[in-house]
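Take a look at the structure set out below.
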Amino acid sequence: MTPCPLRLAALFAAAALGGCSASAATRPVVVELFESQGCSSCPPANANLAKVADQPSVIALTFSVTYWDGQGWKDTFAQPKFTARQWDYAHGFGRDDVFTPEVVVDGRHDGVGAAPVDFSRLVGAGANDVSGPTIALSADTATIGVGARPTATADVWLAR
């Protein structure tokens with residue numbers, strides 16, 4: 001099973017940001033960072049995300065998780081739904097555990113992302129994905145082309 005909750009979100013965002021149409025070659029890469037204020041390895045991954053967050057080719061999202069709260073530091077940004085989202089990815093990737101920092105790119109690739117080389121490799125892997133559907137916008141219509149069918153249920157987010 002391949003997790004892919006944000007594939008269509010990237011296409012909608014590309015269309016909204018970039019004009020009338022988006023394809024695999026023009027869509028932005030969705031980069032999600034799961035982190036916590038209590039995680040000593042998270043600041044480098046956060047810095048890597050910050051370096052690309054303003055690029056039109058990237059949709060950068062940060063989710064603070066709750067499972068480090070029992071270690072003596074309560075993360076003021078953490079939410080249980082963010083932790084649940086990361087667990088959904090872990091199960092989709094066939095894992096029995098979660099970790100921080102974790103960078104998930106386009107719902108298909110993941111890794112630690114604290115080292116700049118690792119982070120760049122992850123984002124590059126997402127940029128090379130070409131299996132998503134196309135989208136075309138006119139004045140009042142969005143037309144979504146046929147893409148690969150997700151192997152599991154997927155959330156569709158509209159990001160603008």
Side-chain angles (χ1 to χ4, degrees), residues 1-14 16-18 22-133 147-148 150-152 154-157 159-160:
M1 172 169 66
T2 302
C4 56
L6 293 177
R7 174 62 63 191
L8 289 178
L11 289 165
F12 276 117
L17 294 172
S23 66
T26 61
R27 65 161 178 76
V29 175
V30 178
V31 182
E32 298 173 79
L33 171 62
F34 293 91
E35 54 94 33
S36 173
Q37 290 173 333
C39 163
S40 63
S41 302
C42 290
N46 216 341
N48 290 333
L49 185 65
K51 288 177 186 173
V52 299
D54 289 335
Q55 295 179 8
S57 61
V58 174
I59 297 174
L61 305 169
T62 303
F63 299 99
S64 293
V65 296
T66 59
Y67 52 85
W68 288 110
D69 287 358
Q71 304 291 320
W73 177 274
K74 179 148 177 56
D75 188 321
T76 57
F77 298 108
Q79 295 185 30
K81 65 183 176 183
F82 298 159
T83 303
R85 181 178 183 81
Q86 188 182 23
W87 273 108
D88 287 343
Y89 275 126
H91 294 142
F93 288 130
R95 294 202 184 103
D96 294 326
D97 207 356
V98 291
F99 57 91
T100 57
E102 180 181 18
V103 175
V104 177
V105 178
D106 278 353
R108 295 174 184 244
H109 311 278
D110 80 316
V112 175
V117 171
D118 182 37
F119 186 86
S120 294
R121 179 190 55 78
L122 288 165
V123 174
N128 291 327
D129 283 343
V130 294
S131 61
T151 57
D155 294 333
V156 177
W157 288 16
R160 182 175 169 176

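Being a predicted model, the structure only gives us computed values, none of them experimental.
Checked by atom type and distance alone, the side chain of Asp75 never pairs as donor or acceptor with a backbone atom of Thr66 at under 3.5 Å. Within the 3.5 Å criterion, the main-chain N or O of Phe99 finds a donor-acceptor partner in the side chain of Tyr67. Of the possible donor and acceptor atoms, one in the side chain of Gln37 sits under 3.5 Å from a partner among the backbone N and O of Thr76.
Residues Val112 and Ala45 share a closest heavy-atom pair of O-CB, 4.1 Å. For Ala114 against Asn48, the heavy-atom pair with the smallest separation is O-ND2, 3.0 Å. Counting all heavy atoms, side chain and backbone alike, Phe93 lies closest to Gly107 at CZ-O, 4.1 Å. When all heavy atoms of Pro43 and Ser40 are compared, the pair lying nearest together is CD-O, 3.5 Å.
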Run the numbers on Val30 and Leu61 for side chain to side chain contact (heavy atoms under 4.5 Å, CB included), then give the verdict. CA-CA 8 Å; Val30 178; Leu61 305 169; 4.1 Å; yes
Before you tell me yes or no, could you show the steps for Gln79 and Ser64 under side chain to side chain contact (heavy atoms under 4.5 Å, CB included), namely the whole-Å CA-CA distance, both residues' side-chain angles and the distance that decides it to 0.1 Å? CA-CA 7 Å; Gln79 295 185 30; Ser64 293; over 6 Å; no
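The pair Arg121-Asp118 meets the salt-bridge criterion, since a charged nitrogen lies less than 4.0 angstrom from a carboxylate oxygen. Ionic pairing of Asp110 and Arg95 is present here: one or more N-O contacts between side-chain nitrogen and carboxylate oxygen are shorter than 4.0 angstrom.
Within the 4.5 Å cutoff, side-chain heavy atoms of Val52 are placed close to those of Phe119. Side-chain contact between Ile59 and Val29 is absent, with no heavy-atom pair separated by less than 4.5 Å. Looking only at side-chain heavy atoms (C-beta outward), Val31 and Val103 come within less than 4.5 Å of each other. Put simply, the side chain of Pro101 reaches to within 4.5 Å of the side chain of Leu33, judged on heavy atoms. Put simply, the side chain of Glu32 does not reach to within 4.5 Å of the side chain of Gln86, judged on heavy atoms. With a 4.5 Å cut-off on side-chain heavy atoms, Thr62 and Glu35 count as touching.
Applying the ring pair (Phe, Tyr, Trp, His ring centres under 6.0 Å) test between Phe82 and each of Trp87, Phe63, Tyr89, Phe34 identifies Phe63 as the sole match.
To the nearest 0.5 Å, atom OG1 of residue Thr83 and atom CG of residue Asp69 are 8.0 Å apart. The distance from atom SG of Cys39 to atom CD of Glu102, rounded to the nearest 0.5 Å, is 11.5 Å.
In this structure Ser120 satisfies the side-chain contact (heavy atoms from CB on, under 4.5 Å) test with no other residue, sequence neighbours excluded.
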